[in-house]
Asker: 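Here you go, one structure.
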Amino acid sequence: MERLMENGKKVLLGLTPDELTAIVGELGMPRFTAKQIAGWIYGKHVTGIDAMANISKANRARLAEHCAVGAMAPAERLESVDGTVKYLFPTASGKFVETVFIPDGERATLCVSSQVGCKMNCLFCQTGKQGFEGNLTAADILNQVYSLPERDRLTNIVFMGQGEPMDNLDSVLRATETLTADYGWAWSPRRITVSSVGIKNKLRRFLDESRCHVAISLHSPIPAQRRQLMPAEGQMGIRDIVELLRRYDFSGQRRVSFEYIVFGGVNDSELHARELVRLLRGLECRVNLIRFHQIPGTDLHGADEATMERLRDYLTGHGVFTTIRASRGQDIFAACGLLSTAHKDKAAQ
């Protein structure tokens, strides 16, 4: 059992029915109390044990002495001119992560973080410049959904915030299980996408143990160049990633996509387009072209709109379904590659 501590107490958010049963047993409560707790947390989203009205007052007091729900409200809120909202959430370790709510008509997506900072050190990512400061617990991940003011509007969740999800796979799998399990929020796995640069063995395990969509950070089909942009290429190359993906069925409800930030004069040529087609030929997938947002410490810059459209049209015309992703929240540093809590985390120390 994941024993999450908050002021010395076990955190209930993210626990399975069996784990809740074990806790109430330890505290000398009836077994059915576990089902009541699960109903209050996953059904009614209470923030405190005192709100669990169908549990006796004595048992609530005993439970509150040893446990906490684990709900932590966001510490800050920033809203973009385009309606995107960036939240700063505290973690159980005393650090912070950024979470982005993206409304788009009837669709509303939440971009959640899985780590404080990141080990991958991609050349184009502000989170990587922050360095790695720790993994999030499953409760930390789930709290970004649980304590979101717009929670009831959500239609989709993407693990594309701070961190590499496969580098914190146990917590990510536990969080996605809670989101999709009947005892939890019972979401369809099709509403959840987990991104990855590709980590050997971890990606395979995710594909075997989860039914959620997967998004691969590609950014160049040429291994040597991808390694310059993304050091993780040296651990698991893009060709090995694609070969692994070919062993799984993406023709039905599960989807694989590739994220491709377009850098002007770097990965936007016809050569790159041809190599992308060659790399992905025969794989049921889609490519999302993403605009680059300038960050300090790099000479990379974004491609112009005509180049992005030319690349999209070439790929689509050669059988690779491709879209240009709309950029959201750039004015509040909530767009792709801009998330960082380095200053907040240092201030909290």
Side-chain angles (χ1 to χ4, degrees), residues 74-76 78 80 84-91 93-102 109-137 140-141 143-144 157-169 171-172 175 193-199 202-203 215-220 226-235 259-263 288 290-302 325 327-349:
E76 288 184 5
L78 286 175
S80 167
T84 299
V85 182
K86 182 170 71 171
Y87 287 101
L88 184 72
F89 277 100
T91 72
S93 65
K95 295 185 179 295
F96 296 92
V97 290
E98 292 185 325
T99 306
V100 183
F101 173 71
I102 310 167
T109 301
L110 187 68
C111 180
V112 302
S113 295
S114 57
Q115 295 179 313
V116 182
C118 186
K119 299 177 186 175
M120 299 301 110
N121 197 28
C122 296
L123 187 62
F124 47 83
C125 181
Q126 189 65 38
T127 307
K129 305 299 181 186
Q130 177 177 343
F132 176 70
E133 298 185 34
N135 284 325
L136 298 191
T137 66
D140 287 330
I141 296 171
N143 183 61
Q144 296 169 68
I157 294 174
V158 295
F159 283 71
M160 297 182 182
Q162 291 176 255
E164 163 56 48
M166 302 299 159
D167 193 42
N168 187 20
L169 186 56
S171 291
V172 168
T193 300
V194 179
S195 70
S196 180
V197 299
I199 296 183
K202 298 291 185 70
L203 179 58
I216 299 298
S217 298
L218 203 168
H219 311 311
S220 176
R226 187 173 185 263
R227 186 167 185 169
Q228 292 179 335
L229 295 168
M230 307 169 62
E233 167 72 19
Q235 300 178 32
E259 310 299 295
Y260 196 92
I261 299 176
V262 187
F263 307 108
N288 296 315
I290 302 171
R291 295 171 179 83
F292 175 61
H293 305 289
Q294 196 72 39
I295 64 170
T298 176
D299 295 330
L300 295 169
H301 61 275
R325 179 181 291 168
S327 182
R328 301 288 300 273
Q330 188 173 358
D331 58 315
I332 57 170
F333 299 96
C336 182
L338 297 183
L339 299 185
S340 175
T341 54
H343 297 300
K344 294 291 183 183
D345 294 327
K346 288 177 182 177
Q349 292 175 357

Asker: Please report the shortest heavy-atom distance between Gly161 and Cys111, naming the atom on each side.
Answerer: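 Looking at all heavy atoms of both residues, the closest pair is N-SG, 3.3 Å.
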
Asker: Consider side chain to side chain donor-acceptor pair (under 3.5 Å). Of Asp167, Asn168, Asp140, which one does Gln115 pass it with?
Answerer: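 Of the listed residues Asp167, Asn168, Asp140, the side chain to side chain donor-acceptor pair (under 3.5 Å) partner of Gln115 is Asp167.
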
Asker: Within this structure, what is the CG-CD1 distance for the pair Leu300 and Ile295, rounded to the nearest 0.5 Å?
Answerer: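 These two atoms lie 8.0 Å from each other.
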
Asker: Determine the minimum heavy-atom distance between Arg226 and Ser220, stating which atoms define it.
Answerer: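 Residues Arg226 and Ser220, closest heavy atoms: CD-O, 3.5 Å.
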
Asker: Are Thr127 and Cys118 close enough, and set up right, to give a side-chain contact (heavy atoms from CB on, under 4.5 Å), and what steps lead you there?
Answerer: CA-CA 6 Å; Thr127 307; Cys118 186; 4.0 Å; yes

Asker: If you measure from CD1 on Ile199 to NZ on Lys119, what distance do you get to the nearest 0.5 Å?
Answerer: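 Going from CD1 on Ile199 over to NZ on Lys119, the span is 8.0 Å.
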
Asker: Taking the six-membered ring for Trp and the full ring for Phe, Tyr or His, determine whether the centres of Phe292 and Phe124 are under 6.0 Å apart.
Answerer: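 Phe292 vs Phe124: aromatic centres not under 6.0 Å.
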
Asker: By salt bridge (Lys or Arg N to Asp or Glu O under 4.0 Å), which residues pair with Glu164, not counting sequence neighbours?
Answerer: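 Salt bridge (Lys or Arg N to Asp or Glu O under 4.0 Å) check on Glu164 returns nothing, list empty.
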
Asker: Decide yes or no on side-chain contact (heavy atoms from CB on, under 4.5 Å) for Leu123 and Lys129, but give the supporting numbers first.
Answerer: CA-CA 8 Å; Leu123 187 62; Lys129 305 299 181 186; 4.2 Å; yes

Asker: Taking all non-hydrogen atoms of both residues into account, name the closest pair between Ala232 and Met120 and its distance.
Answerer: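 Scanning both residues, the minimum pair turns out to be CB-SD, 4.2 Å.
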
Asker: Looking at NE2 of His219 and SG of Cys122, how far apart are the two atoms once the value is rounded to the nearest 0.5 Å?
Answerer: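 One gets 6.5 Å once the value is rounded to the nearest 0.5 Å.
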
Asker: One pair to check against side-chain contact (heavy atoms from CB on, under 4.5 Å): Met166 and Val172. What are the steps and the verdict?
Answerer: CA-CA 8 Å; Met166 302 299 159; Val172 168; over 6 Å; no

Asker: Do Leu229 and Ile261 have side chains that get closer than 4.5 Å, going by heavy atoms?
Answerer: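 No. Closest side-chain heavy atoms not under 4.5 Å.
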
Asker: Is there side-chain contact between Phe96 and Glu76, with heavy atoms separated by less than 4.5 Å?
Answerer: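 In short, these two side chains do not touch, never coming nearer than 4.5 Å.
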
Asker: When you look at Ile216 and Leu203, which way does the side-chain contact (heavy atoms from CB on, under 4.5 Å) test go after all the steps?
Answerer: CA-CA 10 Å; Ile216 299 298; Leu203 179 58; 4.1 Å; yes

Asker: Is it true that a side-chain atom of Thr99 and a backbone atom of Val112 form a donor plus acceptor pair closer than 3.5 Å?
Answerer: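 Answer holds: no.
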
Asker: Are Ser171 and Asn135 packed together at the side-chain level, in the sense that at least one heavy-atom pair is separated by less than 4.5 angstrom?
Answerer: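 Of all side-chain heavy-atom pairs linking Asn135 with Ser171, none is under 4.5 Å.
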
Asker: Residues in side chain to side chain contact (heavy atoms under 4.5 Å, CB included) with Asn288, at least two apart?
Answerer: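 For Asn288 the side chain to side chain contact (heavy atoms under 4.5 Å, CB included) partners, ignoring immediate neighbours, are Ser257, Glu259, Arg286, Thr323, Arg325.
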
Asker: Please find the pair of heavy atoms, one from Gln144 and one from Glu98, that lie closest to each other, and give the distance.
Answerer: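 Taking every non-hydrogen atom into account, OE1-O, 4.3 Å.
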
